[in-house]
Every structure is written in C-alpha cells, then in structure tokens.
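Letters go in sequence order (proteins before strands), and every chain restarts at 1.
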Number of protein chains: 2
Amino acid sequence: MTKKNATIYDISKKLNISVATVSRALNDNPRISQATKELVVKTAKEMNYKQNNLAKALKSGETKNIGIIVPYINTNFFSSVIRGIEEELSPHGYHVIICQSHEDVVTEKKHLNTLLNAQVDGIFMSVSRTTIDTEHIQHILNTTNTPIIFFDRKKDIPGISTVTIDDYKGGYMATEHLIDEGYKNICHFAGDQNLEIYQNRLRGYKQALIDRQFQVKEENIVFTGSSIDAGIDAVKKLWSSTSVPDAIFSASDSTALGACQELKKRKIKIPQEVAVIGFSNEPFTQFMELPMSSVDQTPVLMGNMAGQVFLDHIKDNFSGVSIEKKVVLAPKIIVRKSSKRK
Amino acid sequence: MTKKNATIYDISKKLNISVATVSRALNDNPRISQATKELVVKTAKEMNYKQNNLAKALKSGETKNIGIIVPYINTNFFSSVIRGIEEELSPHGYHVIICQSHEDVVTEKKHLNTLLNAQVDGIFMSVSRTTIDTEHIQHILNTTNTPIIFFDRKKDIPGISTVTIDDYKGGYMATEHLIDEGYKNICHFAGDQNLEIYQNRLRGYKQALIDRQFQVKEENIVFTGSSIDAGIDAVKKLWSSTSVPDAIFSASDSTALGACQELKKRKIKIPQEVAVIGFSNEPFTQFMELPMSSVDQTPVLMGNMAGQVFLDHIKDNFSGVSIEKKVVLAPKIIVRKSSKRK
DNA sequence: TTGTACGCGTTATCAG
DNA sequence: CTGATAACGCGTACAA
C-alpha cells in the first residue's frame with residue numbers, strides 16, 4: 001500500500017544508462033543526444049517520474065518557498081496583499097507560506113526562525129504592533145542571506161527593502177479634501193504611534209492644516225485603537241469638550257465606522273454637520289448606510305510590487321550585487337457621501 | 001560574504017566525536033551519556049547550529065508543510081478558514097502553503113501537482129466552480145499517500161475526508177425563519193448548481209416550504225451568479241413577473257446586497273414589504289444601511305476542524321489505518337433588521 | 001556524448 | 001554508550 005515515487009535511479013536502471021545521463025536529459029542539458037533525451041523523457045513519463053524537489057533543494061539551497069508574516073490573515077488588507085504576492089510569484093514557481101503573528105512580537109520572532117529553518121528563499125513581513133525592538137530582524141540580516149522585504153508596516157533598517165504606500169500623502173489628501181469641502185474644525189483619530197504608518201498619516205494631517213493656514217490643535221488629535229468601540233469612545237470624548245469638531249479624519253476605517261454609529265445615535269447629521277473619512281477602503285465602507293469616504297491602499301498592487309522586489313533581489317544576489325529598494329505607492333482617495341457637503 | 005550554517009559534521013569535528021553521536025545527542029536519544037549530551041547541546045548553541053530541515057525531510061519524507069487551494073484568498077470566508085487551519089496546525093510545527101485556483105480547474109490541477117511535487121504532507125482544498133470532473137483528484141488518491149481534505153466546497157469521492165457546514169439545514173433554517181415572520185411568497189436566489197453547497201441550500205429551501213405546507217414554485221427560484229449585479233438582475237426579473245415575492249432567501253450575501261440596492265431604488269420597503277436574508281454572514285452585512293440577516297458559516301472553526309481531521313489522518317496513517325471523516329458543522333442563523341417584520 | 005563518484009545534512013542500522 | 005557507513009534523490013565536476 002505504500003506508494004513510492006520513481007527516481008532517476010529507476011529510470012537509469014530500466015534504460016541501462018547512468019543516472020547522470022538521465023538527470024541531464026531531464027534538465028535539457030545541451031550536450032546530450034536528441035535521441036536519448038527523448039527516450040528518457042518518454043520513459044520518465046511512462047514511469048510517472050516526479051522530480052524530488054527536496055533533494056534538489058538540499059543540493060541547490062533553493063527551496064522555491066517564500067514566507068509571509070502578517071498580524072492576521074483574515075483581514076481584507078492583508079489577504080489582498082498576500083493575493084498580490086502569490087499571483088506575482090506563483091508563475092515563477094514559488095510557493096507562499098503564511099504565518100500569523102497575532103500582533104505579538106514573540107510569535108513574530110518564532111515564525112521568523114521557523115521560516116529560516118524551513119530554508120525559505122525570502123521573507124515578506126508587516127511588523128506587529130508590539131514590535132519595538134528590531135534586533136531580531138537585524139540579526140537575520142547579518143547572519144543569513146535570506147532577503148527580507150517589509151510591506152506596509154515597516155521599520156527603518158538599512159539593507160531591507162520596503163513596499164509601502166505614501167501614508168503621509170494619504171493623510172494630507174484626506175485632510176485637504178475636508179478643507180476643500182468647507183469643514184473648519186477637523187479632528188484626527190490617530191492610530192498606534194509605534195507604527196510608522198500611523199505616524200505618517202498624522203504628519204500628513206498636520207501639514208495639510210498648516211499649509212492651508214489652519215491651526216493644529218492638540219485637543220483635536222485623539223490616539224485610539226483600531227476597533228469600532230475605539231471610534232465610539234473617541235466621539236464621546238471629543239463631543240464632551242468645548243470645541244466640537246465638524247470633521248473627522250480617522251486613520252482606520254473601523255474607528256471611523258464607530259464614529260458614524262455614535263454620531264447617528266446622537267442624531268448628528270453626516271455630512272451636513274460632521275464629515276467622516278476613514279483609511280483603508282475596507283469593503284464595508286461602500287455598503288454602509290451612508291457610504292463612507294476612505295483612502296485606498298491598493299493592497300493587491302502592493303503585493304505585486306513586493307513580489308517584484310523579491311525577484312529583483314534574487315537576480316541581484318545572483319550577480320553578487322545587493323540593492324535596497326524602497327517602493328512607495330500612491331494612495332487613492334475615494335470620496336463618498338460621508339464627506340461631501342458641497 | 002556567503003553565510004553558511006554549521007552542520008552536525010562541524011560539531012563532530014570540533015568535539016572529536018562521530019556525527020552519529022552528535023545527531024543522537026541533539027535528538028535526546030536515551031542511550032547517550034548525559035555528559036556528552038550536554039556538551040553537544042552546548043557547543044551546538046555556541047556554533048549557532050540550526051538543524052537543516054531539508055535534509056531531515058529528504059530522509060524522513062515529511063516536510064511539515066501542508067498546502068491549501070482556494071479560489072481566491074482575499075475573501076472573508078476563505079481567509080478565515082485558512083486562519084483556522086494555520087492556528088490549528090502551526091503549534092504542531094506545520095507550515096501552511098496557499099494557492100489560488102482563480103475558479104479555474106486547470107489552475108487547480110496545476111497547483112495540485114506542484115504541491116505534490118513540493119512533497120507537502122497534506123492538501124486542503126475547496127474546489128473551483130469549474131471543477132466538474134474529479135479524476136485528477138482521484139488519481140492523486142490512488143497514486144500517493146498524501147491525504148486530501150475538502151472543506152466547504154466538496155466533491156463526493158470515497159476516501160476523502162470533508163469538513164463542511166450543513167448547507168441543507170442552513171437553507172432550511174433561513175426559509176423557516178421567513179415563514180415564521182409571516183412572509184408568504186418566498187423566493188430563492190440559487191447559486192451555481194455545480195457546487196454541492198448551492199444544491200443543498202436549495203434543497204433546504206424547498207423542504208422547508210413543503211414541511212410548512214407551502215408550494216414550491218419553480219418561477220420563484222432564480223439561478224444567479226454570486227455578484228452584486230446578479231442580485232440586481234434577479235430582482236428585475238422577479239418583479240416583472242406576475243406573482244411578486246415578499247421575501248428573498250439568497251444563497252449568497254453579495255446577490256442579497258444587490259437585491260437590497262435594487263429594492264431601495266424601486267422604493268420597496270425592507271422588511272415591511274419584502275424580507276431579505278443572505279448566506280455567509282460577510283462582515284459588510286452588519287454595517288449595511290439596513291443590517292442584513294444571514295447564515296453564518298463559522299469559517300475559523302471550519303479551519304480548526306479541518307486541521308484536526310488532518311492531524312487525525314497523520315496519526316491513523318502512522319498506525320496503518322485509513323479512515324474517512326465527514327465533519328459537518330452547524331450553521332448559525334443571524335437575524336437582523338432585513339427580515340424582522342414582527 | 002556518456003559514465004563515475006561525490007556532496008548536500010540527516011537519520012538509522014549494524015557493529016563494537 | 002559510541003563509531004562507521006549506508007541511504008534519502010539529485011546535480012555536477014571530472015574523466016573517458
């Protein structure tokens with residue numbers, strides 16, 4: 001009942017030729033006669049021969065596997081990036097291994113090690129919220145040849161390529177849009193400042209205000225989590241203060257959604273009294289009671305680009321060159337009813 | 001600049017002992033002296049020794065990798081199932097490789113072969129829409145020892161374990177719920193009948209009607225795709241007929257969403273005039289203008305169960321037994337405003 | 001054009 | 001308790 005695969009050894013025996021010849025014939029080596037080549041290929045098919053990638057990998061050092069570490073896979077953003085990576089790399093014969101860090105740096109570290117142990121040819125990752133220190137990543141850089149590529153949530157580490165969107169610009173565009181629509185007192189729900197993406201969205205928000213002669217009021221910036229409840233709480237907090245905002249730019253769609261829910265509860269009209277714009281363009285935003293504006297991150301494209309950067313790395317490494325690439329994609333602002341007053 | 005890993009060979013040289021002893025010490029073999037064991041482990045750590053899984057896999061035949069084939073990864077349902085599988089298997093040292101069939105049987109076949117070639121220890125899959133013939137899958141069953149596990153979209157093949165939800169019951173419950181709410185002329189948006197899941201939802205719909213003394217009218221069953229537009233078209237079709245329905249049970253959330261959009265356009269009130277209930281409990285359903293009822297498929301749990309079935313297979317196979325398991329999960333009906341008239 | 005023999009890193013068998 | 005060696009399946013340098 002055990003089913004064993006045929007090896008080049010079996011073929012060589014059957015044909016009374018050496019394994020070397022079989023191997024070369026199968027790999028289309030130029031210095032082999034057309035006749036034996038065809039014969040070998042034919043009998044290989046007959047014997048249902050399948051090349052053993054493990055043995056090949058052991059010899060070559062290339063597994064044709066790449067690893068991806070994300071906080072969670074079942075979010076629209078991350079699963080879309082993964083889709084992009086898979087579609088870029090699959091045609092080149094790579095398999096995609098996925099791991100979830102659960103936003104925990106210890107788990108992230110563990111996965112990093114097991115992936116390295118599995119001899120993956122490259123690692124793509126979006127760091128977890130709790131990843132402050134990056135020495136575990138730098139260590140890999142110093143002790144292995146495995147290329148690491150950050151996407152979206154990056155850390156500044158020399159030698160590591162990154163693919164991100166211009167979050168600064170995204171924040172800037174969203175804020176400017178609200179100004180253009182005539183809103184005067186724009187607040188910001190800022191995300192975890194340990195992550196660069198949220199720092200940049202905040203920076204964009206501030207700069208847009210400054211450039212348009214608005215005051216940056218610290219009390220208008222609320223640092224929230226990224227849940228619906230966090231959005232509800234943020235509204236409660238702001239609307240109990242003296243200067244109530246007339247627009248919300250949230251760094252996350254979920255908190256923006258929470259804000260919409262709480263505003264509705266308080267019978268505050270969107271977008272007449274208050275505008276809301278989120279970030280990520282999650283699928284639910286367009287189907288909401290009041291379709292919500294957001295900033296699209298083109299996640300599938302981000303995955304495609306990350307895949308390309310990896311392929312470039314492989315090529316470069318082959319020729320001994322090591323290049324660090326920084327790909328920055330343009331965010332797309334999606335204006336819907338929640339922020340259109342004019 | 002090339003960075004090579006230390007091997008047990010390097011350790012054996014340094015310590016002037018044989019590789020066999022090193023290997024045994026590292027694997028905690030009982031018949032090795034505590035002294036040498038500790039010495040080996042210590043120097044291994046010093047030399048930053050990492051076990052080469054490839055070599056181990058070549059020897060043992062186990063890669064500790066499993067493959068998953070889904071139509072697309074960036075949908076809530078499939079990415080959630082994958083999450084469930086990953087979380088069940090990761091603690092056991094397995095890595096999860098994902099592939100997308102793009103609903104194309106040829107691509108599915110290709111991935112099946114490359115996964116087999118990559119020597120995965122098991123394959124999880126949800127068949128594509130275009131998978132009619134299953135001989136490529138049966139062939140694998142006959143020629144390899146690699147266990148295959150279907151989840152959600154299965155085919156009836158003896159020897160293959162499956163993890164599904166009771167779609168029949170889901171369809172039955174949804175329809176019964178509409179009856180209980182007092183709706184009299186319930187129509188059904190049925191999905192692609194090549195997939196068992198849609199057949200079963202339809203069967204459940206019919207049986208519920210019969211059991212409650214309602215007539216099954218063929219003109220009330222519309223076979224649609226699973227897009228929003230398909231839902232819009234279905235409403236157009238039904239509302240141009242003589243007997244207009246007062247309730248819609250859609251086998252897909254997206255078509256149900258399309259229906260809601262078209263009904264709103266026609267100023268038909270939900271749930272007063274028409275009830276709508278979908279299937280899958282996609283995240284957007286709860287945030288819609290009118291929160292939509294749906295049938296939850298507990299996708300993460302489905303993934304967990306699939307992972308467990310796989311682990312059982314491995315264990316069984318170890319003891320020579322081969323068992324076929326059929327896990328059927330219970331659907332959960334989620335009632336929201338779109339179908340509550342009472 | 002083809003064959004021989006070795007190495008990739010482990011584990012397992014058989015001696016001792 | 002430890003050592004020598006074969007085997008896993010493949011690719012390739014060196015020979016012929």
Side-chain angles (χ1 to χ4, degrees), chain A residues 2-41 43-44 47-65 93 116-121 144-145, chain B residues 2-41 43-44 47-65 93 116-121 144-145:
Chain A
T2 52
K3 298 144 184 175
K4 292 211 55 179
N5 276 332
T7 71
I8 50 172
Y9 235 90
D10 301 326
I11 300 179
S12 82
K13 260 183 213 154
K14 184 158 197 172
L15 261 42
N16 267 327
I17 53 178
S18 75
V19 282
T21 307
V22 176
S23 173
R24 282 192 275 250
L26 256 17
N27 289 316
D28 208 29
N29 188 307
R31 33 181 229 182
I32 230 104
S33 78
Q34 198 58 31
T36 50
K37 203 178 277 185
E38 279 167 12
L39 180 64
V40 169
V41 171
T43 51
M47 299 176 73
N48 194 28
Y49 167 77
K50 292 277 192 297
Q51 189 188 46
N52 185 323
N53 283 323
L54 253 35
K56 189 179 176 181
L58 178 60
K59 190 104 198 29
S60 68
E62 277 195 343
T63 56
K64 286 286 187 174
N65 286 154
L116 245 28
N117 236 256
Q119 319 262 108
V120 292
D121 295 343
T144 76
N145 291 314
Chain B
T2 53
K3 297 146 184 173
K4 293 212 53 179
N5 276 333
T7 71
I8 51 172
Y9 225 77
D10 301 326
I11 300 179
S12 82
K13 260 183 213 153
K14 185 159 198 170
L15 261 40
N16 267 327
I17 53 177
S18 77
V19 284
T21 308
V22 176
S23 173
R24 281 192 276 249
L26 257 17
N27 288 317
D28 208 31
N29 189 307
R31 33 181 229 184
I32 229 107
S33 77
Q34 196 60 30
T36 49
K37 203 177 274 185
E38 280 168 11
L39 181 65
V40 169
V41 171
T43 51
M47 298 175 74
N48 194 30
Y49 167 78
K50 293 276 191 300
Q51 190 189 44
N52 186 321
N53 283 325
L54 252 35
K56 190 179 175 181
L58 178 59
K59 193 92 181 70
S60 69
E62 277 195 345
T63 56
K64 286 284 185 176
N65 287 155
L116 244 28
N117 236 255
Q119 319 261 108
V120 293
D121 295 343
T144 76
N145 291 314

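In this structure, the CG atom of B/Asn117 is 13 Å from the C1' atom of D/dG9, given to the nearest Å. If you measure from atom CG of A/Leu54 to atom P of D/dC10, you get 11 Å, rounded to the nearest angstrom. Atom pair B/Asn16:CG and D/dC1:P shows a separation of 21 Å (rounding to whole Å applied). Following rounding to the nearest Å, B/Asn29 (CG) and D/dT2 (P) show an atom-to-atom distance of 10 Å.
With A/Asn53 contributing its side chain and B/Asn117 its backbone, the two residues share a donor-acceptor pair below 3.5 Å. Side chain of B/Lys14 to backbone of B/Ala44: no donor-acceptor contact under 3.5 angstrom is found. Not a single donor-acceptor pair under 3.5 Å links the side chain of B/Lys64 to the backbone N or O of B/Ala57. Looking at A/Ser12, its side chain does come within 3.5 Å of a backbone N or O of A/Tyr9 through a donor-acceptor pair.
Between A/Thr21 and C/dG3, a side-chain N or O to OP1/OP2 separation shorter than 4.0 Å is present.
In this structure, A/Gln119 and A/Asn65 have side chains that are not in contact, with every pair of non-hydrogen atoms separated by 4.5 Å or more. Side-chain contact between A/Leu58 and B/Asn52 is present, with heavy atoms from C-beta onward closer than 4.5 Å. Taking 4.5 Å as the limit, some side-chain heavy atom of A/Val40 sits within range of a side-chain heavy atom of A/Ile17.
Interatomic distance, OG1 of A/Thr7 versus NZ of A/Lys13, reported as 7.5 Å (0.5 Å rounding).
Counting any heavy atom pair closer than 4.0 Å across all strands shown, A/Ile17 reaches sugar-phosphate atoms only and no base atom.
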### Task
Going 5' to 3' through nucleotides 9-16 of chain C, assign each nucleotide B (protein heavy atom under 4.0 Å from a base atom), S (under 4.0 Å only from sugar-phosphate atoms) or - (no protein heavy atom that close).
BBBBBB--

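At a non-hydrogen distance threshold of 4.0 Å, B/Ile32, B/Ser33, B/Thr36 from residues 32-39 of chain B come into contact with DNA chain D.
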